[in-house]
Every structure is written in structure tokens, then in C-alpha cells.
Amino acid sequence: MTKPKVFITRRLPDEVVDPYREHLDIVMWPREEEPVGRQVLIEQAQSSHGLMTMLTEDVDEQILSQSNNLSIVANMAVGYDNIDVKTAERLNIAVTNTPDVLTETTADLTFGLLMATARKMIEASQYIKDNKWENWSPLMLAGTDIHGKTIGIVGMGRIGEAVAKRAKGFGMNVLYYNRSRKPEAEETFGASYLDFEVLLEQADYVVCLTPLTDETKHMFNKDAFNRMKKEAFFINASRGATVDEEALYEAIINKKIAGAGLDVFEQEPISSEHPLLSCPEVVCLPHIGSSTMETRYKMMRLSLDNLVHHFQGKPLITPVI
């Protein structure tokens, strides 16, 4: 029997991919760091039965509607805003993602980013590298306490709950806003549900972990930052487009908020000329929320397992639709 053709949009380690060649005719984009070109993606999608995509690929209506043999897109990410899910559903094309396997890893990074921002860790490291550490002074690179403060989590999904667990270890008061209330999170972490605007006004650390949707795009705008405390920090480990970056920049330089820690941006990658990089109060990371060897290998294998299950007629492991 002819094996279904699957195109993988980024080069993955042979040790991960090779075992799946028994079941799939795998074609891989040959570069690890460079995204596949749009035209190549279109051509490969048209000749493939399945795609394994990264969050860098825009799998839109054009690609889906022109790919007559395509029956599944396995996205190696929790989010799937890079895929036109409505069109995929209309065309009966399955979509999968990789939840759960990266929950704890992303929560580690999120809380680490919060700590690095509050305690000026990156700035302090650069201070030594620039040979500026000549003396000690009482308020040299003085940051802000984390323990005992109030964290406001916007998006209490799996990662949000994992961040809440870490916050409780620091004796933090946990507030959250979500589309629906989470009674288990309230009981387990003592989390208090608040309206979005009220959370912004009360939290010392506002952490964005909400998915990107039409409703959440630019939900962190000028009004949102104006509502926050002047001593508060904004942390984003979700999607960059949830934030109006111009409004965030203005809030930082005008001292409306104390600082920000960002792992994601509206247009990625950003350059060294990005305005937010000029602010010492901002810590910027290159979208590494789930970037550990262990977790990325799990994400790769889960995506490939979903593809195999699909073509073998088995239930998908982590279906989006």
C-alpha cells in the first residue's frame, strides 16, 4: 500500500523522524532555522496528504482550498491561530496541536521571565559585562519583590494554572480572568476570579496567557495599561498580537507601568531596532516558551503520532477539530 505523503515545514532531527518513515512518506524542508518559502509550502501542500507545520507557517484559505489531497494539518504548537481552522473544518481537513506536553515548560519560562523582569537580572548581567560594576551601593540595580505580591493571570488554561501553582510557592495572591470561571483553580490555588478591568487595577504582575482570537487581539491596549498600577509589570508569554505594542511602549516610557517581560511579539522575528528593546525596563526573549530539548522532542513526536493515527483511521490524540 502506498504510504501517505507528509510534508514537514522545518528540518527535524533524524532520530525523531526516521521511525515514522515506516508509516509515512516524509518530505522535509531542509533547513532548521529558515522558514519554508510561501511558494514551496503551496506546492508541497498541493501534493501532500498531510502537513506538519510550525507556528511560522500561515496555513490560510488559499493553501487549504487548493490542496485537494490534504486531509490533516498537525501544528507543532499549542496555539493554532496560524491555521484557518474554519476553512479546514469546512473542507473536512483535520487539525491537531500539541497541548499538555509543554505546559510545565512554558510555565517555568513564564515565571522565570517575571522574575528576570522584576529583579532586573538581564540588566544586571549586562552591567557586569559592560564593566560597570566598580562599587556597591544600597540601591544598585534594586528591583521589586515577587513574594507576597499579587499576580493577575489573564487566560487560566493549563499553562495559566501551572503559573498559578508556581505563584503560590512564592506566597503570591492569585487573581485571574478567563472566558469562564475555573472552580478547580479557585479551590486548588485560592485564585480569585475578577473582571478584566478590575484585575488590571489590582495586580502587581499582569501575566497574559490567553489564546489569540478576534476578541483578544490588542486586548492589552492604551486603556488596559492606563488601568494598571504604576508599580506593576506586564508579562506576555502567549501571542504577541494580544498586545498593542505601541501602547505598551508609550506606557513604559511615560512610566504608566514599571516594566514588561515579553517572549512574543506581533511580528516575529523582531530586529534589534524594535522600540521596546530601547527600554531598560523591558526584557525581551525570542519566543522560547517551550524551548527545552525534552519538550520540543515531545512536541515533534506528538505531531507525528497524530499524523500516523489519522492515516491509520485511529482517533486523533490532540484534535483541534
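These numbers come from a predicted model, not from an experiment.
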Participant: If you define the side chain from C-beta out and look only at heavy atoms, does anything of R10 sit under 4.5 Å from T56?
Facilitator: yes
Participant: Output yes when D145 and R119 qualify as a salt bridge under the 4.0 Å nitrogen-oxygen rule, no when they do not.
Facilitator: no
Participant: Using a 3.5 Å distance criterion without hydrogens, assess whether the side chain of Y177 forms a donor-acceptor pair with backbone atoms of V154.
Facilitator: no
Participant: Donor-acceptor check, side chain of N226 to backbone of K256, threshold 3.5 angstrom: yes or no?
Facilitator: no
Participant: Does one hydrophobic cluster hold both W133 and I122, with members joined at side-chain heavy-atom distances below 4.5 Å?
Facilitator: no
Participant: Using modelled atom types only, decide if a donor and an acceptor are shared between the side chain of K217 and the backbone of L212 within a distance under 3.5 Å.
Facilitator: no
Participant: For K5, does the NZ atom sit with more than 12 other heavy atoms under 6.0 Å from it, leaving out its own atoms?
Facilitator: yes
Participant: For residues 284-291, which side-chain N or O atoms pair as donor and acceptor with protein atoms under 3.5 Å away, sequence neighbours left out?
Facilitator:
unit_1: H287; atom_1: ND1; unit_2: E268; atom_2: OE1; d: 2.8
unit_1: H287; atom_1: ND1; unit_2: E268; atom_2: OE2; d: 3.2
unit_1: S290; atom_1: OG; unit_2: R296; atom_2: NE; d: 3.0
unit_1: S290; atom_1: OG; unit_2: R296; atom_2: NH2; d: 3.1

Participant: Using side-chain heavy atoms (C-beta onward) and a distance below 4.5 Å, is K149 in contact with M172?
Facilitator: yes
Participant: Just to verify, which of L209, L114, L109 counts as forming a side-chain contact (heavy atoms from CB on, under 4.5 Å) with V163?
Facilitator: L209
Participant: With a 4.0 Å cut-off, would you call E250 and K255 a salt bridge?
Facilitator: no
Participant: Can you tell me if T318 and N306 form a side-chain donor-acceptor pair at under 3.5 Å?
Facilitator: yes
Participant: Are side-chain N/O atoms of T213 and E215 paired as donor and acceptor at under 3.5 Å?
Facilitator: yes
Participant: Give a yes or no on whether the backbone of E266 and the side-chain of E245 come within a donor-acceptor separation of less than 3.5 Å.
Facilitator: yes
Participant: Can you tell whether the side chains of D223 and R227 come within less than 4.0 Å, N to carboxylate O?
Facilitator: yes
Participant: Within the distance-only criterion (no hydrogens, no angle test), does the side chain of K229 pair as donor or acceptor with the backbone N or O of Q202 below 3.5 angstrom?
Facilitator: yes
Participant: Determine whether a donor-acceptor pair (N or O, by modelled atom type, separation under 3.5 Å) exists between the side chain of D244 and the backbone of H218.
Facilitator: no
Participant: Only distances under 3.5 Å count here; give the side-chain donor-acceptor pairs of residues 75-87 to other protein atoms, sequence neighbours excluded, each with its distance to 0.1 Å.
Facilitator:
unit_1: N75; atom_1: OD1; unit_2: T53; atom_2: OG1; d: 2.7
unit_1: N75; atom_1: OD1; unit_2: N82; atom_2: ND2; d: 3.1
unit_1: N75; atom_1: ND2; unit_2: G79; atom_2: O; d: 3.0
unit_1: N75; atom_1: ND2; unit_2: N82; atom_2: OD1; d: 3.0
unit_1: D81; atom_1: OD1; unit_2: R239; atom_2: NE; d: 3.0
unit_1: N82; atom_1: ND2; unit_2: M54; atom_2: O; d: 3.1
unit_1: N82; atom_1: ND2; unit_2: E57; atom_2: O; d: 2.9
unit_1: D84; atom_1: OD1; unit_2: K86; atom_2: N; d: 3.4
unit_1: D84; atom_1: OD1; unit_2: T87; atom_2: N; d: 3.0
unit_1: D84; atom_1: OD1; unit_2: T87; atom_2: OG1; d: 3.2
unit_1: D84; atom_1: OD2; unit_2: T87; atom_2: OG1; d: 2.8

Participant: Spell out, as yes or no, whether a donor-acceptor pair under 3.5 Å connects the side chain of S67 to the backbone of L70.
Facilitator: no
Participant: V320, M299: one ILVMFWY side-chain cluster at the under-4.5 Å cut-off?
Facilitator: no
Participant: Of all heavy-atom pairs between V174 and A164, which one has the smallest distance, and what is that distance?
Facilitator: CG1-CB, 4.1 Å
Participant: Residues two or more places apart in sequence or in another chain: which of them pass ring pair (Phe, Tyr, Trp, His ring centres under 6.0 Å) with F170?
Facilitator: F111
Participant: Can we say R181 and E186 salt-bridge, meaning some charged N sits less than 4.0 Å from an Asp/Glu carboxylate O?
Facilitator: yes
Participant: Are the aromatic rings of F265 and H274 close, with centres under 6.0 Å apart?
Facilitator: yes
Participant: Main chain of P211, side chain of T216: is a donor-acceptor contact present, judged purely on distance under 3.5 Å?
Facilitator: yes
Participant: Check M219 against A224 and note the closest heavy-atom contact, atom names and distance.
Facilitator: O-CB, 3.7 Å
Participant: Is any NZ, NE, NH1 or NH2 atom of the basic residue among E104 and K165 found under 4.0 Å from an Asp or Glu carboxylate oxygen of the other?
Facilitator: yes
Participant: What verdict does the ring pair (Phe, Tyr, Trp, His ring centres under 6.0 Å) test give for Y249 and F225, after you've listed the backbone C-alpha separation in whole Å, the side-chain angles of each residue and the deciding distance to 0.1 Å?
Facilitator: CA-CA 10 Å; Y249 175 73; F225 294 122; over 10 Å; no
Participant: What is the minimum heavy-atom distance between I317 and D305, and which atoms define it?
Facilitator: CD1-CB, 3.5 Å
Participant: Are the side chain of K230 and the backbone of A258 linked by a donor-acceptor contact shorter than 3.5 Å?
Facilitator: no
Participant: Ignoring hydrogens and geometry, is there a side-chain-to-backbone donor-acceptor pair from D130 to K132 under 3.5 Å?
Facilitator: no
